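Worksheet: one structure, shown below.
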Amino acid sequence: EEAVSLFTSQLRFARFQSGGALIDFGRRLATQLQLTRDFDAARQVYEEISSKFFLNSDVRSLCDNRIEKIRMIDQPAPAIEAADISGETISLSSLQGKVVLVDFWATNCPPCVAEMPNIKQLYAEYHDQGFEVIGVSLDGDQSIVEQFTGRMEITWPMIMEPGTVETLRTSYHVPTIPSLFVIDQSGKLHQFDVRGRDLRQVIEHLISQ
């Protein structure tokens, strides 16, 4: 509460044309609030940023997107029923009882590629304990994805069919990548857009339950 109060007080002195560092801090603060599952406070931070920098359409769009994702928390995750690049049918509903990471990514997205080793390590450690990954690739060339996943020794399913990908981007509110969603054992959305050590913390917490 003190951190949010301090942040909102600092916003009063920010100029409409500036505020880059303050906006970045606000995003990081909101992420930490997410990790404590204080989503009301996280939403408040995004609302304050959007209100202060309402003339900046990019900032406003980012905040609105995060608020939409917060509304999805603890609700049943949007359905996934699609064929992966190997032709196998992937169904989110069939993974009830497991922790599922849905990863929207592309090979030409440096932050997405940088996160892959972390996801791969988590998969290696916790797959046998009920951790699954569903990749949703925004690439247009399947051969590039197959080469990448083969070189990286990625074995989880990968969805690429353009119509399916666009439908999933809409239902999961994914205008940009990387975008990751953690779904708990009951099939509800538990966290979104957490990476690195934060992602590990979330996965380990759910697996331990």
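The first residue of the sequence shown is numbered 1, and numbering continues consecutively from there. This is a predicted model, so every value here is computed, not measured. Atoms considered below: every heavy atom in the structure, side chains included; atoms not considered: hydrogens, waters and symmetry mates.
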**OP:** Run the salt-bridge test on Glu132 and Lys98 with the 4.0 Å N-O cut-off and return the result as yes or no.
**Re:**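 Lys98 and Glu132: salt-bridged.
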Original post:
Any ion pair linking Arg200 and Glu125 (charged N to carboxylate O, less than 4.0 Å)?
Top reply: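 Salt bridge present between Glu125 and Arg200.
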Original post:
What's the verdict on side chain to side chain donor-acceptor pair (under 3.5 Å) for Ser179 and Asp193, showing C-alpha distance, side-chain angles and the deciding distance?
Top reply: CA-CA 5 Å; Ser179 195; Asp193 294 344; 3.0 Å; yes
Give the minimum heavy-atom separation between [X] and [Y], together with the two atoms involved.
X      : Y      : value
Met158 : Val136 : SD-N, 4.3 Å
Ala106 : Val113 : O-CG2, 4.0 Å
Val145 : Met160 : CG2-SD, 3.5 Å
Asp139 : Asn108 : OD1-N, 4.2 Å
Val45  : Ala30  : CG1-CB, 4.2 Å
Lys69  : Leu189 : O-CD2, 4.3 Å

Subject >> ring-ring contact (aromatic ring centres under 6.0 Å, His included) contacts touching residues 62-83 (sequence neighbours left out) >> reply: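 Listed by first then second residue: nothing to list.
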Find out whether [X] and [Y] are in side-chain contact, i.e. whether some heavy atom of one side chain is under 4.5 Å from a heavy atom of the other.
X      : Y      : value
Gln44  : Leu33  : no
Arg43  : Asp40  : yes
Ile119 : Leu199 : yes
Ile159 : Ile80  : yes
Pro175 : Ser61  : no
Met116 : Phe148 : yes
Lys120 : Tyr123 : no
Ile73  : Phe192 : yes

Is there a donor-acceptor pair under 3.5 Å between the side chain of [X] and the backbone N or O of [Y]?
X      : Y      : value
Ser171 : Thr167 : yes
Asp103 : Gly135 : no
Asp84  : Ser86  : yes
Gln34  : Arg37  : no
Thr170 : Glu166 : yes
Glu115 : Arg195 : no
Gln142 : Glu161 : no
Asn65  : His173 : yes

Approximate separation, where rounding is to 0.5 Å, of [X] [atom1] and [Y] [atom2]:
X      : Y      : atom1 : atom2 : result
Ser51  : Arg60  : OG    : CZ    : 11.0 Å
Phe131 : Leu122 : CZ    : CG    : 5.5 Å
Ile203 : Gln191 : CD1   : CD    : 9.5 Å
Ile49  : Arg66  : CD1   : CZ    : 9.5 Å
Glu47  : Asp64  : CD    : CG    : 9.5 Å
Leu62  : Ser50  : CG    : OG    : 9.5 Å

**OP:** Determine, stepwise, if the pair Val202 / Val99 fulfils side chain to side chain contact (heavy atoms under 4.5 Å, CB included).
**Re:** CA-CA 10 Å; Val202 171; Val99 177; over 6 Å; no
**OP:** Taking atom CZ of Arg27 as the centre, report whether more than 12 heavy atoms of other residues, nucleotides or ligands fall under 6.0 Å from it.
**Re:**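 No, not enclosed.
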Subject >> Heavy atoms of other groups near Gln209 CD, more than 12 under 6.0 Å >> reply: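 Counting neighbours around CD of Gln209, more than 12 heavy atoms of other residues, nucleotides or ligands fall under 6.0 Å, so yes.
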**OP:** Kindly determine whether Leu138 and Val165 satisfy side chain to side chain contact (heavy atoms under 4.5 Å, CB included), including the steps that lead there.
**Re:** CA-CA 7 Å; Leu138 276 59; Val165 170; 4.0 Å; yes
**OP:** Assess whether side chain to side chain donor-acceptor pair (under 3.5 Å) is satisfied between Asp198 and Gln201, documenting all intermediate values.
**Re:** CA-CA 5 Å; Asp198 293 339; Gln201 176 184 331; over 6 Å; no
Original post:
Can you list the steps and then say if Glu81 with Thr89 is a side chain to side chain contact (heavy atoms under 4.5 Å, CB included)?
Top reply: CA-CA 7 Å; Glu81 185 87 27; Thr89 299; 3.7 Å; yes
Subject >> Pair Thr36, Asp38: side-chain N/O donor-acceptor within cut-off below 3.5 Å >> reply: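 No, no side-chain donor-acceptor contact under 3.5 Å.
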Original post:
ring-ring contact (aromatic ring centres under 6.0 Å, His included) with Tyr172: which residues, sequence neighbours excluded?
Top reply: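 Only Phe104, Phe181 meet the ring-ring contact (aromatic ring centres under 6.0 Å, His included) criterion with Tyr172.
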